[in-house]
Number of protein chains: 2
Amino acid sequence: MLTIWLKMKIGKKDKTTEEKILAAAKKIFVQQGMAGARMQDIADEAGINKALLHYYFKNKEQLFEVIFMEAAGRLFPRINEIFLSDQPLFEKIERFCSEYITIVLENPYLPLFVLNEINRDPDYFLGKVWKGKNVPQPEKFLAQIEKEVAKGTIRRISPLNLLMNLISMTIFPFVAKPMFQKNLGLDEWQFRATMEQRKKEIPKFIIDAIKK
Amino acid sequence: MLTIWLKMKIGKKDKTTEEKILAAAKKIFVQQGMAGARMQDIADEAGINKALLHYYFKNKEQLFEVIFMEAAGRLFPRINEIFLSDQPLFEKIERFCSEYITIVLENPYLPLFVLNEINRDPDYFLGKVWKGKNVPQPEKFLAQIEKEVAKGTIRRISPLNLLMNLISMTIFPFVAKPMFQKNLGLDEWQFRATMEQRKKEIPKFIIDAIKK
DNA sequence: CAGCGTTTTAACCAAATGGTCAAAAATATT
DNA sequence: AATATTTTTGACCATTTGGTTAAAACGCTG
């Protein structure tokens with residue numbers, strides 16, 4: 001018995017019930033949002049009974065919170081990294097674009113999902129995300145930009161605007177993915193390819209804009 | 001009686017019931033989304049009975065569609081304009097940023113609302129938006145960029161990427177408004193001021209990036 | 001003011017939905 | 001093999017929710 005269990009675990013042949021639930025919940029919640037998601041649909045997607053769902057997770061809210069935090073936990077710390085790290089400005093920008101796009105390409109619908117739920121109750125959700133330490137500290141990054149401006153290495157630009165530009169260009173195409181795809185006629189593969197390009201194009205664009 | 005009615009109409013002292021419903025529905029739908037909105041809440045917000053709501057609008061879906069189309073109708077045609085107009089590239093970019101931000105500042109939550117519902121069923125909603133003519137034709141704009149590149153007036157850049165950058169920087173701050181506000185510590189007034197700035201800053205940024 | 005169409009309401013209804021429970025099935029322990 | 005423990009299920013419940021209905025209130029016209 002032990003051997004079989006180990007074999008499964010190692011080979012990852014089968015998901016445990018809890019894993020099945022989490023995968024199903026993620027799919028349904030991300031697609032439908034908290035309000036639109038139905039516990040029955042999650043149960044169906046996981047191939048189990050609705051009662052079993054409540055056996056593993058007390059209620060919809062608790063299940064949702066697990067999914068939301070997992071999603072938010074992938075997106076927010078990365079943004080904070082660019083605030084905190086010690087690299088030179090241009091390197092930071094390059095690293096952020098490249099790493100962020102890589103992550104989100106694996107789950108293109110996470111940003112819209114997270115932003116949407118945050119919009120419903122900003123204080124509650126952002127409170128959860130940044131609970132305890134780990135609060136965002138943009139000061140360092142903004143100061144770094146000002147310093148470069150003062151040094152004369154880059155053009156005069158409002159640090160806040162530069163930060164917004166960086167984040168906007170990186171994330172928005174995912175938020176508007178269906179719109180861009182439909183209106184610009186991009187299939188799945190072309191969209192991916194475009195975003196791969198942008199890992200380099202965005203930093204180039206920004207640096208061209210601010211470098212003296 | 002006639003005089004009084006005219007007075008109300010002219011002075012817009014009182015909203016008609018239908019107007020009250022539409023205003024209430026917009027507020028609730030934009031805040032909660034189609035799935036999260038409750039007909040009872042809309043009725044309450046409008047200060048009327050739920051039955052009266054159904055007297056004016058057959059069902060939730062129909063009411064939602066009116067609100068959605070009104071919202072989408074404000075956002076999408078503007079994007080299409082930059083594709084179709086005949087101005088020089090830089091002017092187009094400046095006009096787009098300025099006009100778009102002006103419009104959205106009046107309804108900061110519309111973009112997230114629209115993008116979110118589109119995400120739920122892209123073909124259905126985008127079909128509605130671009131029904132009949134009025135289909136988006138980015139070709140002209142993209143061709144214009146390529147032409148400028150060929151002429152040598154701007155740097156070599158993928159037209160698609162430039163278009164995405166323009167739209168992203170203009171719209172995303174609204175989509176992520178609560179996040180930016182909370183994480184960057186901007187109050188309502190500061191956010192507005194920042195977006196006002198960006199009407200000029202974004203075009204400047206783009207032109208600096210691509211001008212030779 | 002009587003009569004007629006329109007607007008508004010309170011009371012209901014049926015379906016959907018989140019959640020529970022006791023029993024069965026599977027698994028682990030002795 | 002017998003027993004205890006955990007996992008899974010079908011049936012059920014209470015509440016919420018979109019939607020209906022019949023009657024009342026309103027406003028106008030002859």
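Chain identifiers are assigned alphabetically (A, B, ...) following the order of the sequence lines, protein sequences preceding nucleic acid strands; residue numbering begins at 1 within each chain. Hydrogens, waters and symmetry mates are skipped; everything else that's a heavy atom, side chains included, is used.
Scanning residues 60-71 of chain B for heavy-atom distances under 4.0 Å to DNA chain C yields an empty list. Remark: A/Ala37, A/Arg38, A/Met39 in residues 29-39 of chain A come within less than 4.0 Å of DNA chain C through at least one heavy atom.
Nucleotide C/dT8 holds its C1' atom 9 Å from the CD1 atom of B/Ile48, rounded to whole Å. In this structure, OH of B/Tyr56 is placed 20 Å from P of D/dG18, rounded to the nearest angstrom. Taking atom CG of A/Leu53 as the reference point, atom C1' of C/dT20 lies 13 Å away to the nearest angstrom. In this structure, A/Asn49 atom CG and C/dA26 atom C1' are separated by 15 Å, rounded to whole Å. When rounded to the nearest whole Å, the span between NZ of A/Lys58 and P of C/dG19 equals 10 Å. Atom CG in A/Leu52 sits roughly 9 Å away from atom P in D/dT7 (whole-Å rounding). When the C1' atom of C/dC13 is taken as reference, atom NE2 of B/His54 falls 13 Å away, rounded to whole Å. In this structure, CD of A/Glu18 is placed 14 Å from C1' of D/dT6, rounded to the nearest angstrom.
B/Val104 pairs in a side chain to side chain contact (heavy atoms under 4.5 Å, CB included) with only one of the listed residues (B/Ile171, B/Leu110, B/Leu75), which is B/Leu75. Residue B/Asp86 is tested with B/Arg95, B/Lys140, B/Lys92 for a salt bridge (Lys or Arg N to Asp or Glu O under 4.0 Å); the sole match is B/Lys140.
The side chain of A/Thr17 places an N or O atom within less than 4.0 Å of a non-bridging phosphate oxygen (OP1 or OP2) of D/dT8. At the phosphate of D/dT7, OP1 or OP2 sits under 4.0 Å from a side-chain N or O atom of A/Tyr55.
The base of D/dG18 is paired with the side chain of B/Lys50 by a donor and an acceptor separated by under 3.5 Å.
With A/Phe68 as the aromatic partner, A/Lys128 does not meet the cation-pi criteria of under 6.0 angstrom to the ring centre and within 45 degrees of the ring axis.
A salt bridge links A/Asp123 with B/Lys182: the distance from a Lys NZ or Arg NE/NH1/NH2 to an Asp or Glu carboxylate oxygen falls below 4.0 Å.
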Practice problem: Go through A/Asn80 and A/Gln137 one step at a time and tell me if the side-chain hydrogen bond (donor to acceptor under 3.5 Å, both in side chains) criterion holds. | Solution: CA-CA 7 Å; A/Asn80 215 14; A/Gln137 288 162 323; 5.6 Å; no
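The listed nucleotides are D/dT21, D/dT9, C/dG18; the one nearest the side chain of B/Ala51 is D/dT21.
Panel note: side chain B/Glu201, backbone A/Asn161; no donor-acceptor pair is recorded below 3.5 Å. Without hydrogens or angle criteria, B/Arg78 side chain to B/Ile103 main chain gives no donor-acceptor distance under 3.5 Å.
Applying the salt bridge (charged side-chain N to carboxylate O under 4.0 Å, His left out) test to B/Lys20 and every residue at least two apart in sequence or in another chain returns nothing.
To the nearest 0.5 Å, atoms CD (A/Glu45) and CD (A/Gln40) are separated by 12.5 Å.
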